[in-house]
Chemist: 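This is the structure I have questions about; it appears just below.
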Amino acid sequence: MIKFELHTAEREQTLDVTEQVHQALQATGVAEGWVLVFCPHTTCGITINENADPDVTADLLEGLASLVPRKGPWRHREGNSDAHMKASLIGSSVMIPVADGDLMLGPWQGVYLCEFDGPRRRYLSVSAVSL
Amino acid sequence: MIKFELHTAEREQTLDVTEQVHQALQATGVAEGWVLVFCPHTTCGITINENADPDVTADLLEGLASLVPRKGPWRHREGNSDAHMKASLIGSSVMIPVADGDLMLGPWQGVYLCEFDGPRRRYLSVSAVSL
Amino acid sequence: MIKFELHTAEREQTLDVTEQVHQALQATGVAEGWVLVFCPHTTCGITINENADPDVTADLLEGLASLVPRKGPWRHREGNSDAHMKASLIGSSVMIPVADGDLMLGPWQGVYLCEFDGPRRRYLSVSAVSL
């Protein structure tokens, strides 16, 4: 299992981590199998979406913000219930097929950390299984 | 890894792919393990939901359309930011346990491609690991 | 594959199943790998979120209820289309890395069954693969 560290700069932000996942996969030596990217946090998530136009992930963050308001009748006193809820909507891991030692992402897909309560230091873990 | 092709006919549509996943699983020869169904696209997703009444997945599409409006203050110029956001809400893969060479879905569960920006030609990949 | 049974007491409720997942993992004997927790139902889901303050999961349930109304222009006659939609938003499984025979959850993470149409008897299956 390989861990890598990220630093987010905004409260809400996406970070393209595709290259870090690719490098971690190569370190595992797995050629045919699956790679798991796991997020050990509860106020950020991980997703796969378009890697070409950064407006897509910007729209994702704004769309989520309009669905899940920061201020609301939340009970949790830390004031970040919106971030916890977005984390469960987006999910805490992604699984990607691997062939010939490469990520079998579609041509428009990238892997994104979705920060919902930054700025913070974050970690992701990457591990792979052979089929 | 087995790929199969699908053709969607509407902008928003669900397609029951359970039988195709089952056939792909049999082709892998895995008897006890897990099967991964991966969607390499960024404007459709894949989910597990009820296989009995087609109104359930019709309601899912309408519910998502009312949550994520097609027209909005989106930046992405292709006009399909709603489809990208729905893809991240629904997710890009499902994992299903396998026993005795069969999908260990619950009695009411089916696997559905969720098209959010069709009609298009789509692909899904199916692969399996033995435990 | 290990199954365990749960009884929910409310229509909408979260149940912390982290300890049951941990015990099932130990029964598999897997020391380095991944564990899959799979929910074979279509009106409940499974997620990872904060294990410290129960207000976080209470807020998640209320936030989902305000996003997906129970009464709406739903077609499905059983009157639980909201529960089906929430199940697809939350997801039907979680995958967690395993090291030294332990769940590699973050310090604030727990695993939660999310009941959206209880009270009911529910099952979860747990299985693990070695890397």
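Within every chain, numbering begins at 1; the chains are lettered A, B, ... in the order of the sequence lines, protein sequences first and strands thereafter.
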Chemist: Measure distances from A:Ser92 to the heavy atoms of chain C and classify the residue's part below 4.5 Å as side chain, backbone, both or neither.
Modeler: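 Looking at A:Ser92, just its side chain touches chain C.
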Chemist: Say you draw a straight line from CD1 of C:Ile48 to OG of A:Ser93; how long is it, rounded to the nearest 0.5 Å?
Modeler: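 The OG atom of A:Ser93 is 6.5 Å from CD1 of C:Ile48, to the nearest 0.5 Å.
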Chemist: For the OG1 atom of C:Thr47 and the NE2 atom of A:His84, what is their distance to the nearest 0.5 Å?
Modeler: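 The distance works out to 12.0 Å.
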Chemist: Could you tell me which portion of C:Asn49 (side chain, backbone, both or neither) has an atom closer than 4.5 angstrom to a non-hydrogen atom of chain A?
Modeler: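 Both parts, backbone and side chain.
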Chemist: Tell me the closest heavy-atom pair linking A:Phe38 and C:Met104, and the distance in Å.
Modeler: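 Smallest interatomic distance, heavy atoms only, reads CE2-O, 3.6 Å.
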Chemist: Between chain C and each of A:Leu36, A:Asn80, A:Leu89, count heavy-atom pairs under 4.5 Å; write down the option with the most.
Modeler: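 When all of A:Leu36, A:Asn80, A:Leu89 are compared, A:Leu36 has the most.
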Chemist: Measuring heavy-atom distances to chain A, does C:Ser130 have an atom under 4.5 Å in its side chain, in its backbone, in both, or in neither?
Modeler: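 Only the backbone of C:Ser130 comes within 4.5 Å of chain A.
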Chemist: Which bit of C:Ile90 comes within less than 4.5 Å of chain A, counting heavy atoms only: side chain, backbone, both or neither?
Modeler: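 Both the backbone and the side chain of C:Ile90 come within 4.5 Å of chain A.
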Chemist: Looking at every non-hydrogen atom in both residues, tell me the closest pair between A:Thr42 and C:Trp108 and how far apart they are.
Modeler: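 Heavy atoms of A:Thr42 and C:Trp108 come nearest at CG2-O, 3.6 Å.
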Chemist: Examine whether an atom of A:Ser127 lies under 4.5 Å from a heavy atom of chain C, and if so say whether it belongs to the side chain, the backbone or both; otherwise answer neither.
Modeler: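 Looking at A:Ser127, backbone and side chain both touch chain C.
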Chemist: List the atom of C:Trp34, the atom of A:Trp34, and the distance in Å for their closest heavy-atom pair.
Modeler: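 Closest pair (atom of C:Trp34, atom of A:Trp34, distance): CH2-O, 3.5 Å.
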Chemist: Against chain A, label C:Glu50 side chain, backbone, both or neither, depending on which of its atoms sit under 4.5 Å from a heavy atom there.
Modeler: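 For C:Glu50, heavy atoms of backbone and side chain both lie under 4.5 Å from chain A.
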Chemist: What residue in A:His41, A:His76, A:Met1 has the most heavy-atom pairs under 4.5 Å with chain C?
Modeler: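 Ranked by contacts with chain C, first place is A:His76.
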Chemist: Against chain A, work out which of C:Gly106, C:Cys114, C:Pro97 has the most heavy-atom pairs shorter than 4.5 Å and name it.
Modeler: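 Of the candidates given, the most pairs with chain A belong to C:Pro97.
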Chemist: Which pair of heavy atoms, one from C:Leu60 and one from A:Met85, lies closest together, and at what distance?
Modeler: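 That would be CD1-CG, 3.7 Å.
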Chemist: If you look at every heavy atom in C:Leu131 and A:Ala128, which pair is closest and at what distance?
Modeler: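 Scanning both residues, the minimum pair turns out to be CD2-O, 3.5 Å.
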Chemist: Going by heavy atoms in the side chains, are C:Val56 and A:Trp74 under 4.5 Å from each other?
Modeler: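 No, their side chains stay 4.5 Å or more apart.
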